[in-house]
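Quick notes on the structure that follows.
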There are 2 protein chains.
Amino acid sequence: MADGRQTMYRKVAADLRQAIADGAYGSGGRLPAEGELATRYGVSRGTVRQALAVLRADGLVTSRRGTRRVVLGTARVQSFGELLSFTRWARSIGEEPGGRVVEIIRSPADEVEREQLRLEPDAEVYRVLRVRTLSGVPVMVERTVYPEHIGALVEALDPHAVSHTVPLQEQGVLFTDAHHTIDLALADADDARLLGCLVGDPLLRERRRTTDPAGSPVEWSQDRYLPGTVAFTVHNSTAVTSLSRRTGI
Amino acid sequence: MADGRQTMYRKVAADLRQAIADGAYGSGGRLPAEGELATRYGVSRGTVRQALAVLRADGLVTSRRGTRRVVLGTARVQSFGELLSFTRWARSIGEEPGGRVVEIIRSPADEVEREQLRLEPDAEVYRVLRVRTLSGVPVMVERTVYPEHIGALVEALDPHAVSHTVPLQEQGVLFTDAHHTIDLALADADDARLLGCLVGDPLLRERRRTTDPAGSPVEWSQDRYLPGTVAFTVHNSTAVTSLSRRTGI
DNA sequence: TTGTTCGAGTTGTACAGCCAACCCTGGCTA
DNA sequence: TAGCCAGGGTTGGCTGTACAACTCGAACAA
C-alpha cells in the first residue's frame, strides 16, 4: 500500500476491488449502479465515481454512458510501491529478494545525467551498480544514478541491504511519479559477470526516471533483467493513456 | 484524436497541454492555481480539476496538496489510437507504414484463445499473420486472433491494406481498453523469414488483449519487434497505476 | 417476422460550496 | 543566529444538484 491514508473513496475502491477479486460480480458481469453503491456505502455519487475511476485506471472495469459498468478482469493489480521497488515486488509474489552493491562511485554528472536529473552544470552524482536476486539467483542488474543529497543517504546504507527504496522512504525521500522506457539491451561484460550469462545475450531493459511530489527527479535507473524472469504489463484505455510507443532509443 | 467530443474539460486540457508543450510555464515551472484557471476559462473549479486529472495521468504535471502543480515534462504523449494502431503510430512519427498479410486461417479456437477472447467451447477464430514495415523495411511480425464476427471483416480487407484497425473502426468495431504484456521472445522460423533475422535472435514482444466499450474482447495479438525499432514508454504515479511487473510467462 | 418508437435506467459533464490538510513564507522569539 | 509560529494560499475530499447523452429492452406497428 503505497498510500494508506483512509479516505472514503479509497475504502469504497478497496471494497469493490475485493468484491471483484472474489468474483462477486463475475468476469464480464455488471456492477451495481453508481447511485446504488452510493446509498450502500453511505456516500455521495461523486465519491463513488472517484472510487470507480481508480478501478477503471487499473483496468478492472469498463465504463460508458448509458449502461452499467462491466467487470473486465479480476487480475490483481500491483500498487505503485510494488512496481517501484524490486524488493516489494518480489515479496508480493512470494519470492525472497536479495541484493548486493557491486560499486558506488561519486563523480561529476555527465550531460545525459544532468538532463535526466535536472542538475546544475557542476553537480555531482552517485552511481550505484547492484545485482538483484530472487531466492539467491541473480536475475537483474541495476544501475542507478542519484543526485548528490540522495546518493549520500544510499552510500550510508548496508551494501547487503535488501532494499534501498524502503529505507530511503523512511528517511523522507518520496517517490510519486515514474516514467519508464522498456526495450531490449545486450549484456555487456558487467552484466554477463553478474548475471552469469554471455556477453551479447539479450536482456529486457527498463529505464526509469522517478520524481518526488515536488517534481524533482530523485533517481534515474537502468535495470536489465534476464529473459523469462519478468514481463511488464500495462493497462490503458481511451480514458487513461499512460503507455506509448517510441522509436528505438 | 481517439475521442473528439468537445467538452469543457477536454478543451481546457487540450489548451493547457499546448501551453505546456510551448513551454509557457517551463519545465519544472508552476501552473496557475485551479481557481485562477477556472476564472480564466470561465468554468468551475471541478471542471478544471477534471482537465488537470487528464494531464496528471499523462505524466505532464504533478499535484499535491498545499502547493501549485508543477510541470514534469513537455513530452508529447500519444493518444490511445496511436498506441493501438501501428499505422497511426508510424504516421505520427513521420514514417511510412506498410503491411502485408501472410496468412489468414479460420479454425476452432484452442483453450488459450477461448480464455483470452472469452468464447464458447465450439467457437471459431480467425488467425492473421502479418508483417509490418516502416518505409518498406520489415520491423514487426504481428499474430492476431479475432473472434469470428470480427475476423470475417478482416478477411474481406485488401491483403495489402496498410491498416486493419482503421477500417474496422469505420465499420463500427470500437477499441477502448487494452491490456499489454511486454517481454522478450526468440525468433522462430516465421519471424526469421519475415524479418530477415536468424532463428533464435531476440525480439521485443508485446502481447495485447483489446476490448470494446461493452468489455467484450475484440482481438488478441502478439507483436514481435526487431530490436532498436521501438521502445515502450509508460508513465505511472501513486495517483494512476496501470503498469506492473509480472513473473516471466 | 422485422423494424420503429418510447421510456426507464444509467453514466457523463458541469456547477456551487464547504472544510480539511498541507505548503510556504515572513515575522517573531529565544 | 536559529528555531518557532501564525496565517494566507493551494489542492484534496466530499456533498448535492441538474441536465445531457446514451443503452437497452419492451411495447407497438408494419
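Worth knowing before you read on, the calculation uses all heavy atoms, side chains too, and leaves out hydrogens, waters and symmetry mates. Reminder, nothing fancy here: chain letters follow the sequence lines and each chain counts from 1.
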**Message:** Output one letter per nucleotide in nucleotides 10-16 of chain C: B when a protein non-hydrogen atom lies under 4.0 Å from the base, S when only the sugar-phosphate is that close, - when neither is.
**Reply:** BBBBSB-
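- For residues 22-31 of chain A, the side-chain hydrogen bond (donor to acceptor under 3.5 Å, both in side chains) pairs, not counting sequence neighbours, are A:Gln18-A:Asp22, A:Tyr25-A:Arg40.
- Close approach of DNA chain D to chain B, defined as any atom under 4.0 Å from a non-hydrogen atom of the protein, starts and stops at D:dG9 to D:dG13.
- With sequence neighbours left out, B:Gln116 forms a side-chain contact (heavy atoms from CB on, under 4.5 Å) with B:Val112, B:Arg209, B:Trp220.
- Taking the C1' atoms of five terminal pairs at each end of the helix from C:dT1-D:dA30 to C:dA30-D:dT1, the two resulting helix axes are inclined by 20°, rounded to 10°.
- Applying the side chain to side chain donor-acceptor pair (under 3.5 Å) criterion to A:Thr210, with sequence neighbours excluded, gives A:Glu219.
- Contacts of residues 19-27 of chain B with DNA chain D (heavy atom under 4.0 Å): none.
- By the side-chain contact (heavy atoms from CB on, under 4.5 Å) test, A:Asp122 is found to be paired with A:Glu120, residues two or more places apart in sequence or in another chain being considered.
- For A:Glu155, the side chain to side chain donor-acceptor pair (under 3.5 Å) criterion is met by no residue, not counting sequence neighbours.
- Side-chain atoms of A:Arg132 come within 3.5 Å of backbone N or O of A:Val162 as a donor-acceptor pair.
- Under the side chain to side chain donor-acceptor pair (under 3.5 Å) criterion, A:Glu113 pairs with A:Arg127, sequence neighbours left out.
- In this structure B:Val173 satisfies the side-chain contact (heavy atoms from CB on, under 4.5 Å) test together with B:Ile150, B:Leu153, B:Leu168, B:Phe175, B:Val218, sequence neighbours excluded.
- At least one side-chain heavy atom of B:His180 sits less than 4.5 Å from a side-chain heavy atom of A:Asn236.
- Remark: B:Thr211 engages no residue in a side chain to side chain donor-acceptor pair (under 3.5 Å) (not counting sequence neighbours).
- For the 3.5 Å distance criterion, the side chains of A:Asp58 and A:His235 fail to qualify, holding no donor opposite an acceptor.
- Panel note: side chain A:Thr62, backbone A:Val70; a donor-acceptor pair is recorded below 3.5 Å.
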